[in-house]
Amino acid sequence: MFTIKGKTGEWELVIGLETHIEVLSKSKLFSGASADYNPTVAPNTQVSMVDVAMPGMLPVLNEYCVEQAIRMGLGLNAEISRHSRFARKQYFYPDLPQGYQISQPPEVAPIVGRGHVEIIGDDGNPKRILIERAHLEQDAGKLKHDVHPTKSFADYNRTGVALLEIVTWLDTKNPENNSYISSPDEAEKYLREIREIARALGVSRANMEEGSMRADVNVSVRRVGETGFRTRTETKNMVSFKFIKSAIEYEARRQIEIYESGGNVSQDTMRYNQGDGTTSVMRSKEDALDYRYFPDPDLLPLNISDDMIERIRATLPELPAATRVRYITEYGLAEYDAARLTETADISHWFDTAVGGDKKRAKAVANWMISELFAHPENWDVENKKSGTVNEMRIITPSDLAELVDMIAANDINGKQAKEIFIKMLDGEIGTPREIAKRYGMQQITDTSAIEAAVDAVIAANAPQVEQYRTGKVGLLGFFVGNVMKATHGQANPAVVNEMLKKKLG
Ligand code: ADP
Ligand code: MG
C-alpha cells in the first residue's frame with residue numbers, strides 16, 4: 001500500500017478522478033457545426049447559431065454522440081441508462097455564450113451508470129476501480145488573452161463539442177472496499193486504461209497534450225487503519241500525467257501537515273501551479289457556485305432501447321482487459337508481462353503481429369519486447385502527437401523479431417548471437433536477422449562432436465579447476481562454459497555445452 005509518513009504516523013491516500021474525454025464525431029453535441037476544433041482551424045469558423053445561443057435557436061441531440069457514450073459505457077463494463085435527461089448548469093463566463101452548459105448532473109440519470117475498469121495495482125495484483133457514472137456535456141470555447149495587450153478574444157470553435165465525463169466512485173457506505181485509486185501511480189494507470197479503452201473503441205483521441213483528455217483530481221488522506229473518509233479537495237483541469245501525480249502528492253502532503261498541526265482540511269477547489277508543483281486555493285466551499293440545475297426544456301428525455309445497446313455491443317473490438325486475459329490464458333504470459341504488452345493498442349498489435357498466432361513463439365516474443373525493445377525507447381514513437389495513437393517500432397519490425405525468435409528456437413543461433421543481431425538491427429543494419437547472421441558468419445554449432453572436442457580440450461587444459469569442481473565447487477561450471485564458448489567463437493549451443501560439461505565433470 002502506498003503511504004506517506006507524517007510526523008505522527010502513516011497516512012494513506014484516497015483519490016477520485018473526473019476525467020473528460022472529447023468525443024470523436026463529425027459534428028457537435030447539439031448542432032451541425034464541425035467538431036474538429038484543432039488549432040489550425042481559423043477561430044470562429046466552425047460555429048453554428050446554436051453554439052452561440054442566438055435567440056430562438058434550438059439544440060438537436062446528435063445521435064452519434066449518444067452511440068459513442070454508450071460504446072464507452074460498455075467499455076467501462078457499465079450499466080447504460082435506458083432513460084436519461086439533459087439539464088442546464090448555469091454559470092457566467094465569456095467562453096460559454098449560452099450562459100449555461102448542457103450537462104447531465106447525477107440527479108438526472110446520466111447516460112452511463114455504475115461500472116469498473118481494471119488496472120494493475122501498486123501491489124502488482126489486478127485491481128478494480130469503480131466508476132460511478134459517465135455523462136455527456138458540452139465543451140466550452142477558448143479564450144485568448146495573449147493576442148492583444150488590452151483585449152481578450154473568444155474562439156467558439158470548441159463550444160458545444162461533446163465531452164464525456166467519467167467519474168470514479170468512492171463507496172462511502174463500505175469504506176473497507178478498496179476499489180478506488182490510492183496512489184499517484186495508480187491514478188496514472190487508471191487514466192492510461194481509460195485512454196486505451198477510448199482509443200480502442202474510437203470514442204476519443206484521449207490525448208492530454210492536445211486537451212482531448214483532462215482530469216479533475218479529488219484527493220483526501222486518512223490514517224492507515226482509519227475507517228471512513230475525510231474531506232477532499234478538488235484540483236481542476238489537469239492535462240498531464242506528470243502534473244497529476246505531482247499534484248496528488250503535493251496535495252496529500254499539504255493535507256497531512258494541516259491535520260498534524262491540529263487543523264482541518266476544508267473542501268476547497270484548487271489550482272495546480274505548474275511552475276513550482278504546488279496547489280493553491282481557487283475557491284473555497286463558501287464561494288461554491290450554485291448552478292441552479294434544471295432539466296433543459298428544449299430537449300426531450302433520452303430513451304435508449306435494448307436493441308440499440310445490443311447493436312453497439314456487437315461492434316465492440318477486443319478491449320485491453322480482454323487482451324490481457326487472452327495473453328495470460330492462451331499464451332501463458334505472466335500478469336505483469338500481459339499488462340506491459342497491452343499498455344497501448346499499438347503495442348499489443350505489434351506483439352500479436354510478431355506472434356502471428358504461433359503460441360510457441362509468444363513467451364519469447366514477450367520477453368524480447370519487454371526486456372529489449374522497451375529498453376530502447378528511442379525506437380518507439382511513444383506519443384505521436386498528431387494521431388495520438390501511433391506507437392510504432394521504427395527500426396525492428398514484428399516479422400524481424402519473429403524470425404529472430406524462431407532462429408533461436410531452431411538452434412540456428414544462440415541467445416548471445418541473437419542479441420548481437422538485435423543490436424546490429426537497432427544500429428540500422430540492413431537485412432533480416434537471417435541475412436545478418438549469414439553476413440557475419442553467425443551460426444550455432446549443435447554438432448556434438450565439434451562441441452565435444454572443445455569441451456575435452458577445456459577440461460584437459462584446466463586440471464586444477466576440474467579438481468576443485470569435483471570436490472564441490474560446482475559454481476565453477478560457468479567458468480568451463482565460458483571457456484568452451486570462447487573456444488568455439490561463441491557459436492556453440494550453450495545448452496549442449498552445459499549438458500556435456502556436467503556429464504564429463506560429474
Ligand atoms: P462533485 O460534483 O462535487 O465534483 P462528485 O460526486 O462528482 O462531486 O465527486 C467527485 C469525485 O470525488 C468522485 O470521483 C468521488 O469518488 C471523489 N470523492 C468523493 N469523496 C471523496 C473523498 N473523501 N476523498 C477522495 N475523493 C472523493
Ligand atoms: Mg465534479
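Both ligands and their constituent atoms are indexed starting at 1 by order of listing. Values below: all heavy atoms of this structure, side chains included; hydrogens, waters and symmetry mates excluded. Sequence positions, counted from 1, serve as the residue numbers for this chain. Bear in mind that the values here come from a model prediction, so they are computed numbers and not experimental data.
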Novice: Who's closest to atom 9 (O) of ligand 1 heavy-atom-wise, of R232, E234, Q267, K236?
Specialist: R232
Novice: Considering only heavy atoms, does R133 approach ligand 1 within less than 4.0 Å through its side chain, its backbone, both, or neither?
Specialist: side chain
Novice: Is R192 positioned over the aromatic face of F241, cation under 6.0 angstrom from the ring centre and no more than 45 degrees off axis?
Specialist: yes
Novice: Report yes if E18 has an N/O atom closer than 3.5 Å to an N/O atom of ligand 1; otherwise report no.
Specialist: yes
Novice: Using a 4.0 Å cutoff against the non-hydrogen atoms of G16, which atoms of ligand 1 qualify?
Specialist: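 Listed by number with element: 14 (O), 17 (C), 26 (N).
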Novice: So which bit of L17 gets within less than 4.0 Å of ligand 1, heavy atoms only: side chain, backbone, both or neither?
Specialist: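 Only the backbone of L17 comes within reach of ligand 1.
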Novice: Which atoms from ligand 1 have a heavy atom of V167 less than 4.0 Å away?
Specialist: 13 (C), 14 (O)
Novice: Please list all pairs meeting salt bridge (charged side-chain N to carboxylate O under 4.0 Å, His left out) that have one or both residues in residues 238-248, counting only residues at least two apart or in different chains.
Specialist: D185-K245, E188-K245
Novice: Give a yes/no verdict on a cation-pi contact between K89 and Y291, requiring under 6.0 Å between NZ or CZ and the six-membered ring centre and an angle within 45° of the axis.
Specialist: yes
Novice: Can you tell me which residue pairs pass the salt bridge (charged side-chain N to carboxylate O under 4.0 Å, His left out) test with a partner in residues 77-88, sequence neighbours excluded?
Specialist: R82-D306, R88-D296, R88-D298
Novice: So is T168 polar-close to ligand 1, meaning N/O to N/O under 3.5 Å?
Specialist: yes
Novice: Distance to the ring centre below 6.0 angstrom and angle to the axis at most 45 degrees; does that hold for R133 and W169?
Specialist: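 The answer is no; the distance or angle limit is not met.
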Novice: Just by modelled atom types, is the N157 backbone N or O under 3.5 Å from a matching donor or acceptor in the D155 side chain?
Specialist: yes
Novice: With a heavy-atom distance limit of 4.0 Å, tell me whether R230 approaches ligand 1 through its side chain, its backbone, both, or neither.
Specialist: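 Within the 4.0 Å criterion, R230 contacts ligand 1 through backbone atoms alone.
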